[in-house]
Amino acid sequence: MEREDVLESGEGRPLLPLSGTSSHSENELSHHGSRSHHKPSHSKAPAIILGFEYLDSVAFNGVGANLIVYLFTVLHGNNASNAANVATWSGTCFLTPLFGAIVADTYWGNYKTILISLVVYLLGMITITSSAFSASSKLYQCEGGACQSASTLLFCGLYLVAIGSGGVKAALLPFGAEQFDDENPSDREKKGAFFGWFYLCITLGALTSMTFIVWIQENISWGLGYSIATFCMAAALAAFVLGTPYYRRRLPSGSPLQSILQVLVASYKKRNAENPRDISLLYEVNKESSDLVQQKLPHTNGFRFLDKAATISALDLKDGSPQSSWSLCTVTQVEELKMFLRLIPIWANSIVYAAVFAQMFTTFIQQGSAMNAKIGSFSIPPASLCSFEIISVMGLVFVYNNIISPAAKKYLGNGTGFSQLQRMGIGRFLLILAMLTASYNENRRLESAKAGETLNIMWQLPQFFVLASSEVFNNITQLEFFFAQAPDRMKSICTAMVLFSMSLGNYLNSFIITFIATVTSGEGRPGWISDDLNKGHLDYYFLVLAVISIGNFFVYLSFAKNYTLKKVTSES
C-alpha cells in the first residue's frame, strides 16, 4: 500500500530517514577521531542492500496495495470501516519508524535494528498468509462472525508487519549510507548514486506488487499472492544475513534527543536570568580544532527564552569549561533546538496533506471497484491503477529534472530554480486539483449508474496523474527539506518526522472517514461512503477534502513566507 512510502512509501515509497551514527572498533568508524581504521567499503554491500530493498518493497506492498479489497471481498467488512482500518494500519506503519530510529541511534545500531526487525517482519508476513488460507477455506460460509478468527489473525499479522517494517524503514537507508567513506571522493560520488538507486528499487518493488501480485490475489488466490510476498521477505532476510561479512557498521552514539533536553533543562533552570544585550557574551565553544567536525550556527532572535541556556553565570564555568551540560549549553545547541521548533509548523501542515493523499490507497480504490474494470478482454484490478501513479512519478521526476527545473532556473535567473518551500507549495496546490478531479469523476460515475451504465475505470487515470504530480513536488521535496534544514545532531529525528507526519495523516484520514460516514448516515440514509457506492455520494466526500486542502494550502503559504532558513557561520 503505502509505497514504502519513498521514499515510503506509503504504500507509496516510504520517505526514509537519512541518518547515521558513529561507532568504534576495527571494522567500524571511530567515534572519537580518524576514520582511517575501519573496514574498507565493499562493492557488494550496497548491491546487497539495494536487492534487499527491492524484495522488501515487493513484500510490503504485496500486503498493503490490495488490502482494502481483501477486507471487502473476503472478510466482508463495510466500506467505511475498511477504509478506516487500512488508514489506521498505514498510519502505524509510518509511526513505528520514529521509534525504530530512536532505538537504532540509542541502543542497537542500524545493523542489529534491521536484523531483529526482519524477524518480526517475517513472522507477521507468515501470519497474514496463514489468515488468507484460513479465510479462503471457508469463503462461502464467511458471514457475520464466521470470519472473526481469520480477521483476528490477519490484524495480528498486519501489526507485526508494522512493527518490523518500522525498524527496517528507520535503519536501512542510513545503513546503506554507512557503506561509503565520505572522505573518499569516489565513494562520495557513489553514495549520491546509491540514494537514486535506492529510490528506484522501492519504486520497482511497488510496481511489481501492484501489477503481478495484485493480479494473482484477485484472479488466482489471495493465499498464493501473500505467499509470494512472504517468500520475498524470507529471501530478503537470507540475503541480508549472508551479506554480513561485507558490511561496514557503526555503533550507536546516543540519543539525538539529549541535546534538546539539555537546552530545555538549562533554560528552565535559568528562567529568571536576564539575557545579555551583547549576544557575543553567550556561551560558545571556540576551538581551533576538534576531533569531531561540528557546524557552528549564528544566533537568531526567535525563541529568545531559550537563549537563557547559553547565558553564563558565575557557577557555570570551571577553567573555561562548563561544569554541567545540563546547566550551560552552547549557542549552537540553542540554535539547533530553535531550528527544530521552526520545522514544527511545516511538519504539522504536512499531516493534513498526508491525510488527503491517503485517498490513493483507500477511497480511490473503492471508487475504482464500482467502475467497469475491463479494457477489451483484460480486467484491471482497481488497486493496480496505483502502479500508473508510480510510473507517472518516475516519468515526472525525469521531466522535472530535465525540462521544468532548467526552465525555472532560466526564467527565475537564480541558478537554483524553484526553492524547496516553493516546490512543496506547488505540491499542496496540485493536491487540491487531484481531489476536484476525483469528485468530478465520481459525479460522472454516479450519473452513468443512474442511466444504467458503468463508467470505465480509465476515467480514474487523470486523478492519479495529478496526484503523482503532487507527490513529485511535495513528498520527495519534503524529505530533502527536512534533511537539509535539520541540525547536524538531529538529522535522524527530523527526517523520521516525515514518516511520522504520514502516520498521523493516515490516522487523521481514518477519523475523517469515520466522522463523515457517521454524520451523513442513519435514519434510513446510506451516507456518503455507502457499501453500495451508487447509493452514496463519494463525490461530496472528495469535495470536502478539496476544501480542507485549500485551507491547508493557504496556512502553508503563511508558514513558508515566515520561515527562517538554516544558516551556518563557520565550522570548528
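Here, residue 1 is the first one in the sequence, and each next residue gets the next number. Since the model is a prediction, treat every value here as computed from it, not as a measurement.
- Within a 6.0 Å sphere centred on CZ of Phe99, other residues, nucleotides and ligands contribute 12 heavy atoms or fewer.
- Across all non-hydrogen atoms, the minimal contact from Thr520 to Arg525 is O-CB, 3.8 Å.
- Looking at Arg444 and Ser439, their side chains never bring a donor and an acceptor atom within 3.5 Å of each other.
- Looking at Ser470 and Tyr353, their side chains do bring a donor and an acceptor atom within 3.5 Å of each other.
- Distance alone, capped at 3.5 Å, is enough to place a donor-acceptor pair between the Asn349 side chain and the Asn552 backbone.
- Distance alone, capped at 3.5 Å, places no donor-acceptor pair between the Ser57 side chain and the Tyr54 backbone.
- Side-chain contact between Phe481 and Leu343 is present, with at least one heavy-atom pair separated by less than 4.5 Å.
- Aromatic ring orientation, Phe305 versus Phe303: perpendicular (interplanar angle above 60°, classes split at 30° and 60°).
- Aromatic ring centroids of Phe340 and Phe482 lie 6.0 Å or more apart.
- Taking CG of Asn474 as the start and CG of Leu431 as the end, the distance is 8.0 Å to the nearest 0.5 Å.
- Nearest approach of Asn506 to Ser90, heavy atoms of both residues: OD1-CB, 3.2 Å.
- Heavy-atom neighbours of Tyr563 OH from other residues, nucleotides or ligands within 6.0 Å: above the threshold of 12.
- Checking side-chain atoms of Asn562 against main-chain N and O of Ser558 turns up a donor-acceptor pair under 3.5 Å.
- Side-chain contact of Asn441 with Gln460: a donor-acceptor pair under 3.5 Å is absent, judged by distance alone.
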### Task
Take Gln359 and Asn509 through the side-chain hydrogen bond (donor to acceptor under 3.5 Å, both in side chains) test and state the conclusion after the steps.
CA-CA 8 Å; Gln359 306 315 306; Asn509 177 41; 2.7 Å; yes
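- Ring-plane geometry between Tyr121 and Phe60 is classed as perpendicular, the angle between the planes exceeding 60 degrees on a 0 to 90 degree scale with a lower cut at 30.
- Taking both residues in full, the closest heavy atoms of Pro97 and Ala170 are given as O-CB, 3.3 Å, listed atom of the first, atom of the second, then distance.
- Ring-centre distance between Trp528 and Tyr540: below the 6.0 Å cut-off.
- No donor-acceptor contact under 3.5 angstrom links the side chains of Gln478 and Gln420, judged on distance only.
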### Task
Applying side-chain contact (heavy atoms from CB on, under 4.5 Å), run through Leu508 and Leu504 and close with a yes or a no.
CA-CA 6 Å; Leu508 178 59; Leu504 296 180; over 6 Å; no
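- In this structure, the side chains of Met497 and Ile344 come closer than 4.5 Å at one or more pairs of heavy atoms.
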### Message
Phe364 vs Leu467, test: side-chain contact (heavy atoms from CB on, under 4.5 Å). Steps then yes/no.
### Response
CA-CA 11 Å; Phe364 277 19; Leu467 198 68; 4.1 Å; yes
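- With 3.5 Å as the limit, one finds a donor-acceptor pair spanning the side chains of His299 and Asp307.
- Within the 4.5 Å cutoff, the side chain of Glu471 has heavy atoms near those of the Phe357 side chain.
- Here the OG atom belonging to Ser501 is positioned 7.5 Å from the CH2 atom belonging to Trp347, to the nearest 0.5 angstrom.
- Checked by atom type and distance alone, the side chain of Ser209 pairs as donor or acceptor with a backbone atom of Gly205 at under 3.5 Å.
- Formation of a donor-acceptor pair under 3.5 Å by the Gln217 side chain with backbone atoms of Gly225 is not found in this model.
- In this structure, Phe473 has its ring center under 6.0 Å from that of Tyr400.
- Within 6.0 Å of CZ on Phe429 lie no more than 12 heavy atoms contributed by other residues, nucleotides or ligands.
- Distance alone, capped at 3.5 Å, is enough to place a donor-acceptor pair between the Glu335 side chain and the Thr300 backbone.
- Distance alone, capped at 3.5 Å, is enough to place a donor-acceptor pair between the Ser419 side chain and the Gln422 backbone.
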### Message
If you apply the rule side-chain contact (heavy atoms from CB on, under 4.5 Å), what do you find for Phe464 with Met360, and how did you get there?
### Response
CA-CA 8 Å; Phe464 275 100; Met360 173 178 169; 3.9 Å; yes
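- The two residues Val393 and Ala468 come nearest to each other via the heavy atoms CG2-CB, 3.8 Å.
- Annotation: cation-pi geometry satisfied between Arg428 and Tyr556 (NZ/CZ under 6.0 angstrom from ring centroid, within 45° of ring axis).
- Side chains of Thr127 and Val161 form no contact here, defined as non-hydrogen atoms less than 4.5 Å apart.
- Side-chain polar atoms of Tyr507 and Thr92 form a donor-acceptor pair below 3.5 angstrom.
- Using modelled atom types, no side-chain atom of Ser448 and backbone atom of Thr454 make a donor-acceptor pair closer than 3.5 Å.
- Atom NZ in Lys169 sits 9.5 Å away from atom CD in Glu53 (nearest 0.5 Å).
- Of all the heavy atoms in Leu306 and Lys338, the pair that sits closest is CD1-CG, 4.1 Å.
- Taking 4.5 Å as the limit, every side-chain heavy atom of Tyr70 sits out of range of all side-chain heavy atoms of Val63.
- Under a 3.5 Å cut-off, the side chain of Asp539 and the backbone N or O of Glu442 do not form any donor-acceptor pair.
- Here the OG atom belonging to Ser117 is positioned 10.5 Å from the CG atom belonging to Leu172, to the nearest 0.5 angstrom.
- Using a 4.5 Å heavy-atom threshold, the side chains of Met435 and Leu543 count as separate.
- Not a single donor-acceptor pair under 3.5 Å links the side chain of Thr113 to the backbone N or O of Trp108.
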### Task
Evaluate the criterion side-chain contact (heavy atoms from CB on, under 4.5 Å) for residue pair Phe554 and Leu557; output intermediate values, then yes/no.
CA-CA 5 Å; Phe554 283 106; Leu557 292 182; 4.0 Å; yes
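- More than 12 heavy-atom neighbours from other residues, nucleotides or ligands sit within 6.0 angstrom of CZ on Phe388.
- Using a 4.5 Å cut-off on side-chain heavy atoms (C-beta onward), Asn372 and Ile457 make no contact.
- To the nearest 0.5 Å, atom CG of residue Asn61 and atom OG1 of residue Thr211 are 10.5 Å apart.
- Closest non-hydrogen pair, Gln485 versus Thr564, comes out as OE1-O, 4.5 Å.
- Within the model, atoms CD1 of Ile68 and OG1 of Thr363 stand 7.5 Å from one another, a figure rounded to the nearest 0.5 Å.
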